[in-house]
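One structure is given here, and the rest of the page talks about it.
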Amino acid sequence: MSGHTGTKALALLFASLALTAHAQSYPNRPIRVVVPFPAGGGSDLLGRLVAQKLTDGFKQQAVVENRGGAGGRVGTELVAKAAADGYTLLLAGSGAMIIAPALYGKLSYDVQKDFDPVTLVASSSFVLVMHPAVPVKTLKQLIALSRLKPGVLNYASSGLGAPGHLSAELFRSMAKVKIAHVSYKGTAPGLLSVITGETDLMFSNLLPAVAPLQSGRLRAIAVTSARRCPIFPDVPTVAESGLPGFETVTHYGVLAPAGSRREIVEALNSTLVKGLHAGDTRKRLEADGSELHTSTPEEFAQLIRTETVKWSTVIKAAGIKPE
């Protein structure tokens, strides 16, 4: 009996040593970071930053692969079905991770079952901009005017179910106002409609709004983050302007396929967190209208759960149906 137990103990010891050796040899080939959007956008910039930090930290090449399509769902599905070996990762934003599961009844992936969160990377908020002819300069004045003339004001969005559209719907429900929605195909045409006066206001991504705000073609009323944005330090938050608790930000993070070994997830997490906080990363992100925001895998998983519940509620209450 004791001989049998000894053999078993030895087998376990060898197995754990093999696992340790395997973990120490990770990564021993290139890592692929899938960005589920075309090159050039915000997700792509963050994907390249993540790949660079992995390359620097592991001394092993990490490369970005752009797999656009279906609002990020094509690339996300690709990673969900990839081998859980630490060599295929996803850099995803709230759209694919949180809003798509809340908006679509059936998806080809389940974010909470098919992925192991690694770390948050960054978050970016929105700025509420108005056409200068709209006679309001503060959020309280906007709410008062909307209540006085229900349905007269309208807002542009970059598309049905897009984060800016949902920000406006959250504002509408919290402020108890009626404003009409006009959907455009992208942020640029939506913003242009506010600049030309075709629509009155928009919850816009930060960066595209900078130039028209500086030139006076748009007026900034509030930002949607919990704290003021470094890019617009003088613009108050929606929460401090009369809607306490209001916060909408797009979160970006790195996820691995579900079933990835714990030590690999931990190695990825520590390498990325350390790398992202080194050098001028924070300044670079702020210049792009984002904020550096890292986390533990558990904190990231919890954020996905709570945000999915929040936006499911907003989508249901507003009766938003996918196009």
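Since we're looking at a predicted model, the values are computed, not measured. For this chain, numbers begin at 1 and follow the sequence in order.
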Hey, does Ile99 have a side-chain heavy atom less than 4.5 Å from the side chain of Pro163?
yes
Salt bridge flag under 4.0 Å for residues Glu286 and Lys283:
no
Fit a plane to each ring of His181 and Tyr155, take the angle between them on a 0 to 90° scale, and name the class: parallel (under 30°), tilted (30 to 60°) or perpendicular (over 60°).
parallel
For the pair Thr224 (side chain) and Phe126 (backbone), establish whether a donor and an acceptor sit closer than 3.5 Å, ignoring hydrogens and angles.
yes
Nearest-0.5 Å distance, CG of residue Leu128 to CZ of residue Phe203
4.5 Å
Contact between Tyr184 and Leu192 at the side-chain level, heavy atoms closer than 4.5 Å - yes or no?
no
Minimal non-hydrogen separation, Met130 against Val194, with atom names
C-CG1, 3.8 Å
Interatomic spacing from CZ in Phe246 to OG in Ser241 - rounded to 0.5 Å
10.5 Å
Measure the shortest side-chain to side-chain distance between Lys53 and Val121 over non-hydrogen atoms and say whether it is less than 4.5 angstrom.
no
Quick check on the hydrophobic clustering: are Val249 and Val129 connected, directly or via other members, by side-chain heavy-atom contacts under 4.5 Å?
no
Would a 4.5 Å heavy-atom cut-off, applied to side chains only, mark Val314 and Ser173 as touching?
no
For the side chain of Asp114 and the backbone of Asp110, is there at least one donor-acceptor N/O pair under 3.5 Å apart?
yes
Minimum heavy-atom separation for Arg228 and Val223, please, with both atom names.
CA-CG2, 4.3 Å
For Arg227, is the CZ atom crowded, meaning more than 12 foreign heavy atoms sit under 6.0 Å from it?
no
Does the Lys NZ or Arg CZ of Arg261 fall within the cation-pi geometry relative to Tyr26 - under 6.0 Å from the ring centre and within 45° of the axis?
no
One should read off an interatomic distance between Arg284 CZ and Leu276 CG, to the nearest 0.5 angstrom, of 10.0 Å
Report yes if some heavy atom in the side chain of Val134 is under 4.5 Å from a heavy atom in the side chain of Leu145; otherwise report no.
yes
Please check if Leu170 and Leu153 belong to a single hydrophobic cluster, counting links between Ile, Leu, Val, Met, Phe, Trp and Tyr side chain heavy atoms closer than 4.5 Å.
yes
Let me know which of Leu91, Leu54, Val33, Thr294 forms a side chain to side chain contact (heavy atoms under 4.5 Å, CB included) with Val254.
Leu91
Answer yes or no: is there an ion pair linking Asp44 with Arg48, defined by an N-O contact shorter than 4.0 Å?
yes
Distance, nearest 0.5 Å, that separates CG of Leu103 from NZ of Lys321
9.5 Å
Any donor-acceptor N/O pair, Asn154 side chain to Asp200 backbone, under 3.5 Å:
yes
Main chain of His277, side chain of Thr281: is a donor-acceptor contact present, judged purely on distance under 3.5 Å?
no
Measure from the side-chain N and O atoms of Gln141 to the backbone N and O of Lys137, and report whether any donor-acceptor pair falls under 3.5 Å.
yes
Are any of the side-chain heavy atoms of Leu206 and Val210 separated by less than 4.5 Å?
no
For a quick test of reading the model, state the closest non-hydrogen atom pair linking Pro297 to Arg262 and the distance between them.
CG-NH2, 4.2 Å
same_hphob_cluster(Val79, Val118) at 4.5 Å side-chain heavy-atom cutoff
no
Within the structure provided, determine whether Glu291 and Ser123 are in side-chain contact (heavy-atom separation under 4.5 Å).
yes
Does a side-chain N-to-carboxylate-O contact under 4.0 Å join Glu298 and Arg305?
no
Can you tell me how far the CG atom of Leu89 sits from the CG atom of Leu255, to the nearest 0.5 Å?
9.0 Å
Any donor and acceptor pair, going by atom type alone, linking the side chain of Arg67 with main-chain N or O of Glu77 inside 3.5 Å?
no
Is the shortest heavy-atom distance from the side chain of Ser157 to the side chain of Met202 under 4.5 Å?
no
Can a donor-acceptor pair be found, under 3.5 Å and without considering hydrogens, that links the side chain of Ser94 to the backbone of His251?
yes
What is the distance from atom CZ of Arg73 to atom OH of Tyr104, rounded to the nearest 0.5 Å?
3.5 Å
